[in-house]
Protein chains: 2
Amino acid sequence: MSQTDTVSRILDAAEVLFAERGFTETSLRTITSTAGVNLAAVNYHFGSKKELIQAVFERFLTPFTRALEEELNRRIAEGVPLGVQELIECLYRVGLGSLGLEGKDPQRFMRLLGLAYTQFQGHLRRFIVSRYGDTYRRFAGLLAEALPGLDPETFYWRLYFMLGATIFTLSSHDAIEAILREDFGTRSSLPETLERLVPAASAMLKVDSH
Amino acid sequence: MSQTDTVSRILDAAEVLFAERGFTETSLRTITSTAGVNLAAVNYHFGSKKELIQAVFERFLTPFTRALEEELNRRIAEGVPLGVQELIECLYRVGLGSLGLEGKDPQRFMRLLGLAYTQFQGHLRRFIVSRYGDTYRRFAGLLAEALPGLDPETFYWRLYFMLGATIFTLSSHDAIEAILREDFGTRSSLPETLERLVPAASAMLKVDSH
DNA sequence: CACCATTTAAAACAAACGTTTAATTGTCGC
DNA sequence: GCGACAATTAAACGTTTGTTTTAAATGGTG
């Protein structure tokens, strides 16, 4: 078994298990036995559990961030100014695209993102901000440009409202979908939920509160 | 030290520590030493850690739910039909009021609510739904009445969007506030944040997506 | 073939965890 | 004051955790 094999097998197993149970609730022994590798392999390749957690996030956030940057460049090169709804659609579409490749489940990454914000892993938040903060600030800047006249403080609070609605909803998507399916008998896929989320989030950003 | 003393000292300590670090990351030893009681007191009075977690939630959710029910009764007795914005305002104001009594920090309860949804404590979610589900459904029903013409599925999804925006934002209120204070030099209190959240959440519920 | 990184196996490590036990203390009704 | 029961205490229980260490085996590269 080659190195890349062992490393990615560990990452695959950790990704799934972390998303299902959280970081503290997932032991290295569960990860390594799921991955079919030796227990010591984690500390050999990653150094520690903390660094393994960061590596899991790096593996999906780096392609996502790159894809978002490229999509923003492409849209800006067209010369058409980007509206609020278009920017949010862009964000979601890149997420569905870059995270849904290779049979990966986009919701799993949403669960992980949710964990990064709600579990108490200070090192992880610091890692994400330092690594991907620039792209986040660029996106926030474009969104602010599309909302002229809105005072910056209100804008940023609403940005967090939107972040909360997105992460919370999508990371619990399966659970919510199960409840609604029971009540209404209908199914709704992740793209359908995003179609509902885009206008709702846009309305929240654009509303005139006075 | 009387029984009520020990019990409420444990609940006080657990409430703060759970909100700060989460359930798994808070040990019974930390709780009992913070509370100044013996380690075995938790299992003696509550039975297990799971039941302690439930007791923490029961202590603040029961008065909150009762206060919300009473406020809804009061408003309905007035005969004036309740609008979307009024209902959301009502919810937040009751939260600020009933949870902010006795020097308690409303944000702490928001953090706990966030944990209840994002951490993996199946027993806790079941406990909350079975105990407080009726009031939740009553509030949702009133809100749906205030939004005639909106198809039920879209309504419920937006309800979750609102729940996410509220819980996510308020449970991270201190962290977000610190970031914005650094960027803008201004402060914003929890009531001020709620004043921003009410119109944003209302707009999200009311928007016509067609 | 020799080298070196990789992987495995097995074991041990100290630390932390939730829980239980048995003995002691405190308190209240009689 | 005494018996009964609730409450508190110190100590130990058995697991599980992340991590490290030893050794041997494996595999590809120069």
Side-chain angles (χ1 to χ4, degrees), chain A residues 1-59 112 115-116 119-124 126-127, chain B residues 1-59 112 115-116 119-124 126-127:
Chain A
M1 196 180 297
S2 69
Q3 172 185 357
T4 52
D5 241 325
T6 300
V7 168
S8 59
R9 284 169 68 94
I10 293 174
L11 287 173
D12 286 343
E15 188 177 283
V16 173
L17 291 166
F18 284 156
E20 278 176 0
R21 325 179 185 184
F23 307 119
T24 313
E25 295 82 355
T26 304
S27 71
L28 293 183
R29 284 169 177 82
T30 308
I31 293 172
T32 51
S33 71
T34 302
V37 303
N38 190 269
L39 169 62
V42 168
N43 288 283
Y44 178 80
H45 287 290
F46 298 95
S48 67
K49 188 180 181 179
K50 279 186 182 182
E51 289 166 287
L52 169 62
I53 294 174
Q54 293 178 4
V56 168
F57 278 81
E58 187 175 21
R59 192 173 63 154
L112 289 173
L115 292 182
Q119 299 227 10
F120 301 83
Q121 306 271 344
H123 70 96
L124 183 55
R126 270 176 268 122
F127 171 80
Chain B
M1 196 179 297
S2 70
Q3 172 186 357
T4 54
D5 241 325
T6 300
V7 168
S8 58
R9 286 169 66 93
I10 293 174
L11 286 173
D12 286 342
E15 189 178 284
V16 173
L17 291 166
F18 284 155
E20 279 175 0
R21 325 180 186 185
F23 307 119
T24 314
E25 295 82 356
T26 304
S27 70
L28 293 184
R29 283 170 176 81
T30 308
I31 292 172
T32 52
S33 70
T34 301
V37 303
N38 189 268
L39 168 63
V42 168
N43 288 281
Y44 178 77
H45 287 291
F46 298 95
S48 67
K49 188 179 182 180
K50 279 186 182 181
E51 288 165 287
L52 169 62
I53 294 175
Q54 293 178 5
V56 167
F57 278 81
E58 185 176 22
R59 192 172 64 153
L112 289 172
L115 292 182
Q119 299 229 14
F120 301 83
Q121 306 272 344
H123 70 97
L124 182 56
R126 270 177 266 122
F127 172 79

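Since we're looking at a predicted model, the values are computed, not measured. We name chains A, B, ... by the order of the sequence lines, and we start the count at 1 in each one.
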Whole-Å distance between [N] [atom2] and [X] [atom1]?
X	N	atom1	atom2	answer
A:Phe46	D:dT19	CZ	C1'	16 Å
B:Ile53	C:dT19	CD1	C1'	15 Å
A:Ile31	D:dT19	CD1	P	11 Å
A:Leu28	C:dT8	CG	C1'	17 Å
A:Glu25	C:dG18	CD	C1'	15 Å
B:Asn43	C:dG18	CG	P	9 Å
B:Arg9	D:dT8	CZ	C1'	13 Å
A:Asp5	D:dG27	CG	P	13 Å

B:Leu124 and B:Phe23: side chain to side chain contact (heavy atoms under 4.5 Å, CB included), yes or no, with the steps? CA-CA 11 Å; B:Leu124 182 56; B:Phe23 307 119; 3.9 Å; yes

Choose from [options] the nucleotide whose nearest atom is closest to any side-chain atom of [X].
X	options	result
A:Ser27	D:dG18, D:dT20, C:dT19	D:dG18
A:Lys49	C:dT6, D:dT19, D:dT8	D:dT19
B:Thr6	C:dT19, D:dT8, C:dT6	D:dT8
B:Tyr44	C:dT6, C:dT19, D:dA6	D:dA6

Heavy-atom pair of closest approach, residues A:Ile53 and A:Gln121: CD1-OE1, 4.1 Å

For residues B:Arg59 and B:Glu15, report the shortest heavy-atom separation together with the two atoms involved. NH2-OE1, 3.0 Å

Evaluate the side-chain proximity of A:Val7 to A:Phe46: yes if any heavy-atom separation is below 4.5 Å, no if none is. yes

Are A:Leu39 and A:Arg29 side-chain neighbours, meaning at least one heavy-atom pair lies under 4.5 Å?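 SC-SC contact between A:Leu39 and A:Arg29 confirmed.
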
So, A:Thr32 side chain and A:Leu28 main chain: donor-acceptor pair closer than 3.5 Å or not? yes

Close N or O pairs between protein and nucleotides 10-12 of chain D (under 3.5 Å):
residue, atom, partner, partner atom, Å
D:dA10, N7, B:Asn38, ND2, 3.4

Test side chain to side chain contact (heavy atoms under 4.5 Å, CB included) on B:Leu11 and B:Leu52 and set out the steps. CA-CA 8 Å; B:Leu11 286 173; B:Leu52 169 62; 4.0 Å; yes

Taking only side-chain nitrogens and oxygens of B:His45, does any of them come within less than 4.0 Å of OP1 or OP2 of D:dT8?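 Answer is yes, contact under 4.0 Å.
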
Using a heavy-atom cut-off of 4.0 Å across all strands, would you classify B:Thr26 as base, sugar-phosphate, or nothing? sugar-phosphate

